[in-house]
Amino acid sequence: MNKKIKILAIITIIILGMCICSSVFATAGKVNPDDYKPKDLSTEDAGDFITIANSVIAAIRIFGTVVAVVALMALGIKYMLGSTQEKATYKETMIPYLVGAVMVFAIPNIIGIILDLVSQIKF
């Protein structure tokens with residue numbers, strides 16, 4: 001088993017090295033910096049992005065909240081109806097659930113706060 005892991009790690013490193021080198025060598029000598037002419041970016045494009053991002057974050061918040069509450073209800077009912085030994089095992093399963101629930105609630109809220117701060121910046 002240990003030998004298989006070593007072989008898999010070596011193959012992964014070789015493939016990773018090939019991927020990195022291929023992206024570097026693909027553009028060698030073919031790109032002229034003078035050909036790049038960036039277009040004028042307007043604030044209307046940013047407004048559309050912010051509107052779409054707000055709707056996606058709101059959907060993630062709602063979906064995450066519903067999933068977390070349903071999972072908490074299921075674990076709570078199992079905990080109340082379980083025997084003493086089952087209660088001990090449910091306490092062990094609740095720790096990963098609580099970590100996941102905090103992540104589900106915290107990550108979209110942090111992203112929403114960052115998005116609100118960025119959307120208030122005037123260009």
Side-chain angles (χ1 to χ4, degrees):
M1 186 69 168
N2 196 11
K3 188 175 182 180
K4 290 180 183 180
I5 293 174
K6 287 181 183 179
I7 292 172
L8 185 63
I10 291 171
I11 291 173
T12 305
I13 291 171
I14 291 171
I15 291 174
L16 183 65
M18 291 171 59
C19 291
I20 290 172
C21 292
S22 66
S23 64
V24 172
F25 295 138
T27 60
K30 296 181 182 179
V31 176
N32 185 4
D34 296 330
D35 293 340
Y36 180 67
K37 305 282 190 245
K39 66 177 184 175
D40 185 25
L41 297 176
S42 62
T43 56
E44 290 91 25
D45 295 336
D48 293 339
F49 172 74
I50 291 171
T51 304
I52 293 170
N54 277 335
S55 63
V56 169
I57 289 174
I60 290 173
R61 283 180 184 171
I62 292 169
F63 179 74
T65 303
V66 169
V67 168
V69 168
V70 168
L72 181 62
M73 287 173 42
L75 284 174
I77 291 171
K78 286 182 180 180
Y79 182 75
M80 287 188 291
L81 298 177
S83 66
T84 329
Q85 292 177 343
E86 290 174 348
K87 287 183 181 182
T89 59
Y90 289 135
K91 285 182 182 179
E92 292 174 3
T93 60
M94 281 191 190
I95 292 172
Y97 166 76
L98 291 175
V99 171
V102 166
M103 289 175 61
V104 164
F105 285 120
I107 291 173
N109 288 326
I110 290 171
I111 293 173
I113 290 169
I114 292 170
L115 183 65
D116 291 340
L117 292 174
V118 170
S119 65
Q120 293 175 359
I121 296 174
K122 303 288 183 193
F123 292 101

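What you see is a predicted model; the values in this text were computed from it and never measured.
- Two residues are said to be in side-chain contact when any heavy atoms from C-beta on lie closer than 4.5 Å; I7 and K3 meet this criterion.
- With sequence neighbours excluded, no residue forms a side-chain contact (heavy atoms from CB on, under 4.5 Å) with S55.
- In this structure, OG1 in T12 is found 11.5 Å from CD1 in I5, a value given to the nearest 0.5 Å.
- When hydrophobic residues (I, L, V, M, F, W, Y) are linked wherever their side-chain heavy atoms come within less than 4.5 Å, I13 remains an isolated member.
- Following chains of ILVMFWY side-chain contacts shorter than 4.5 Å, one cannot reach V56 starting from I62, and the two form parts of different hydrophobic clusters.
- For L98, the side-chain contact (heavy atoms from CB on, under 4.5 Å) criterion is met by no residue, not counting sequence neighbours.
- When the side-chain contact (heavy atoms from CB on, under 4.5 Å) test is applied to I107, the partners found at least two apart in sequence or on another chain are M103, I111.
- Taking the side-chain contact (heavy atoms from CB on, under 4.5 Å) definition, one finds that I95 meets it with nothing, sequence neighbours left out.
- Scanning both residues, Y97 and V69, for their nearest heavy atoms gives OH-N, 4.4 Å.
- A single hydrophobic cluster is seen to contain both V118 and I110, as judged by linkage of ILVMFWY side chains at heavy-atom distances under 4.5 Å, directly or through other members.
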